[in-house]
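First the proteins, then the strands, lettered A, B, ... as listed; each starts at 1.
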Protein chains: 2
Amino acid sequence: MKDVAARAGVGLKTVSRVVNGEPGVTQETERRVRDAIDALGFRRNDSARILRKGRTATVGLVLEDLADPFYAPLSGAVEDVARAHGSLLVHGSSGEDPGREEELVLALCARRVDGLVVVPASTDHRYLEPELAAGIAAVFVDRPPGRISADTVLSDNYGGARRAVEHLVGHGHRRIGFIGDHPRIHTAAERLRGYRAAMAGAGLPVAGAWTSLGSTEPARVAAECLRMTTGPDPVSALFTGNNRVTVTAVRTLTAGGRPVALVGFDDFELADLLSPGITVVAQDPAELGRRAAARLFQRLEGAAGDPERLELPTRLVARGSGERPPAG
Amino acid sequence: MKDVAARAGVGLKTVSRVVNGEPGVTQETERRVRDAIDALGFRRNDSARILRKGRTATVGLVLEDLADPFYAPLSGAVEDVARAHGSLLVHGSSGEDPGREEELVLALCARRVDGLVVVPASTDHRYLEPELAAGIAAVFVDRPPGRISADTVLSDNYGGARRAVEHLVGHGHRRIGFIGDHPRIHTAAERLRGYRAAMAGAGLPVAGAWTSLGSTEPARVAAECLRMTTGPDPVSALFTGNNRVTVTAVRTLTAGGRPVALVGFDDFELADLLSPGITVVAQDPAELGRRAAARLFQRLEGAAGDPERLELPTRLVARGSGERPPAG
DNA sequence: GTGAAAGCGCTAACAA
DNA sequence: TTGTTAGCGCTTTCAC
């Protein structure tokens, strides 16, 4: 910029004015400055600008895995909102590792992102307190923060799960299994709670062997699926706790040829084209992202008040797999 | 940092040394500094660091749409490589709009990302020349750059398409349609070229009504699908130009109950569980991203030499839909 | 082992 | 309309 000013024979501030489209520059001066800019291939260095202004026009997004079909639309929605507010999106995947989440979040804070949207892997976010105190806004999405209070956007995991299991009960099932994610993950715990509530509400017992929470690795899920649906005392229906689990379950049940009823949490592409179609409790991941980002920008624009907790409804979509009657 | 120095009763540089783990500080001094850091909740401001050092430890990724199941793994792979090199990822979606691509790329350059991975929407990248001259590295992936030369990582679109159509011909089809993306998109043009080459190689004519390139909007694709497979002179097989098109085609053909043979470009989740399974030409999007990012970091680490063009092979996966014989 | 001074490239505040 | 000065928070250089 100094070079541009020298070449155009003007002061530094005049160049700054031209570059930022500020008023108060003659057409003739502006032309001279623009010529110099073109000749020198000058581009403003935003790092310096950011340092000076204190705002980065950047928001950070930390989630588990970008490639998961559930998170991709969420991420896209956050980006859309960010762009609408003139901000860029810096992105990091925690891989469901609390340590990496903290590392990523702090790295983003060190770069002074204006705000953060976080799908937490950790259950203790006290490490964020100094950052929040320093004025960085944070909104949690899909799962609530741990040991701090902050704006949160969730789906109704408990209600959705309860509805799913009630649906199976309504179709005559009394022996229903649940395969879900690690119990330390809020959504998994809530869905388990919904499952138990529905079973209890119908007066049905839950055998210990009918619930399995843990990794969503296909190998583990397939093994649990086989274990629950075969053996001496098999379940007649399965409720699967997220899209990864559902896909593996469909694959395993199809391979085994067993007519087990199935309802999955999360919708997924092509669920309607399988035979039978897969009955699911659908969330709206894009809407989760949109709401979270919208809340973030409200905060950035100065909205005061206590943290809000928003819970979006889910929707049961019956497609066939959840309406199968119990075998025998 | 100034405050920390004051509170610890040391010089600015000593704090800097502690924060960056540089040697030359007594244990006792370090302890005093750390106490002050904790008491004040200090975090280094990376904006200032970046301004001073000139390196951002950030790479930019611009692609069409993060939520597309093809790009999500690509993006994830770029992020993995970036993290392995200690860099963060800033992300932007062009939405297939050349103007937005340029805007995004230049915004990333203004923030002085160290390098860029770009899935181009534009066909003219001369706007990047000043940036490249200024030392920003760029690698193009999935599609080549336009009117400049730069490192590029592609799939073998021509060969894969040719193989797909030869496969259909090998199963007795002589009337084969192609529905693809906008012809200005390199991959679509190459896949059309492969289709034509395979047809010509088999001595088969291509009626004008058998090819349709344009938007991948479900409505358009469904309409074209119907048009080609019904009417007085229908095709007996369809080659679809990417995963979006394939999914819509499957949906349309299933609804119509027509036994049209189908091979799609791009693999997608659950393609194997449909009935019949969908035969595809599979690319490896994660590998595309990995290779592109690896190349970028080679450049950042000083690799000299002319731009390289890498072309990854594709793989035909037969699952049933592409092995259906012609009707009648 | 430690610190003072200069400066990265920009913008805010104030002159001229 | 235009320019000058100071300083954002850090690292580099060099002196102590």
| query | Heavy-atom contacts under 4.0 Å between residues 13-25 of chain B and DNA chain D, which residues? | reply |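 B:Lys13, B:Ser16, B:Asn20 - these, ordered by number, are the residues of the stretch whose heavy atoms sit under 4.0 Å from the strand.
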
> What parts of residues 39-56 of chain B reach DNA chain C, counting only heavy atoms under 4.0 Å away?
Replying inline: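 Within residues 39-56 of chain B, the residues near DNA chain C are B:Leu51, B:Arg52.
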
For chain A and DNA chain C, what are the first and last nucleotides along the strand, 5' to 3', with at least one atom under 4.0 angstrom from a heavy atom of the protein chain?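 Endpoints of the contacted stretch of DNA chain C: C:dG9 to C:dA13.
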
Take the angle between the ring planes of B:His125 and B:Phe140 and call it parallel below 30°, perpendicular above 60°, tilted in between.
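It falls in the perpendicular class, over 60°.
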
query: Rounded to the nearest Å, what distance is computed from the NZ atom of residue A:Lys2 to the P atom of nucleotide D:dT5?
result: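 It works out to 15 Å between those atoms.
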
_Between P on D:dG3 and CE on A:Met1, what's the gap in Å once rounded to a whole number?_
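Taking CE of A:Met1 and P of D:dG3, I get 12 Å after rounding.
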
Q: Mark yes when over 12 heavy atoms from residues, nucleotides or ligands other than B:Gln27 sit less than 6.0 Å from its CD; otherwise mark no.
A: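 Atom CD in B:Gln27 is not crowded, with 12 or fewer foreign heavy atoms closer than 6.0 Å.
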
I'd like to know whether CG of A:Asn20 has more than 12 heavy-atom contacts from other residues, nucleotides or ligands below 6.0 angstrom.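 Yes, because the 6.0 Å sphere around CG of A:Asn20 holds more than 12 heavy atoms from other groups.
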
Any carboxylate oxygen within less than 4.0 angstrom of a Lys/Arg side-chain nitrogen, looking at [X] and [Y]?
| X | Y | result |
| --- | --- | --- |
| A:Arg143 | A:Glu96 | yes |
| B:Asp46 | A:Arg112 | no |
| A:Asp80 | A:Arg290 | no |
| A:Arg34 | A:Asp38 | no |
| B:Glu22 | B:Lys13 | yes |

Is there side-chain contact between B:Glu101 and B:Pro120, with heavy atoms separated by less than 4.5 Å?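 Counting from C-beta outward, B:Glu101 and B:Pro120 do come under 4.5 Å.
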
- request: For the pair A:Arg31 and A:Glu28, evaluate salt bridge (Lys or Arg N to Asp or Glu O under 4.0 Å) and give the outcome as yes or no after the intermediate values.
  value: CA-CA 5 Å; A:Arg31 203 191 44 69; A:Glu28 163 57 15; 3.3 Å; yes

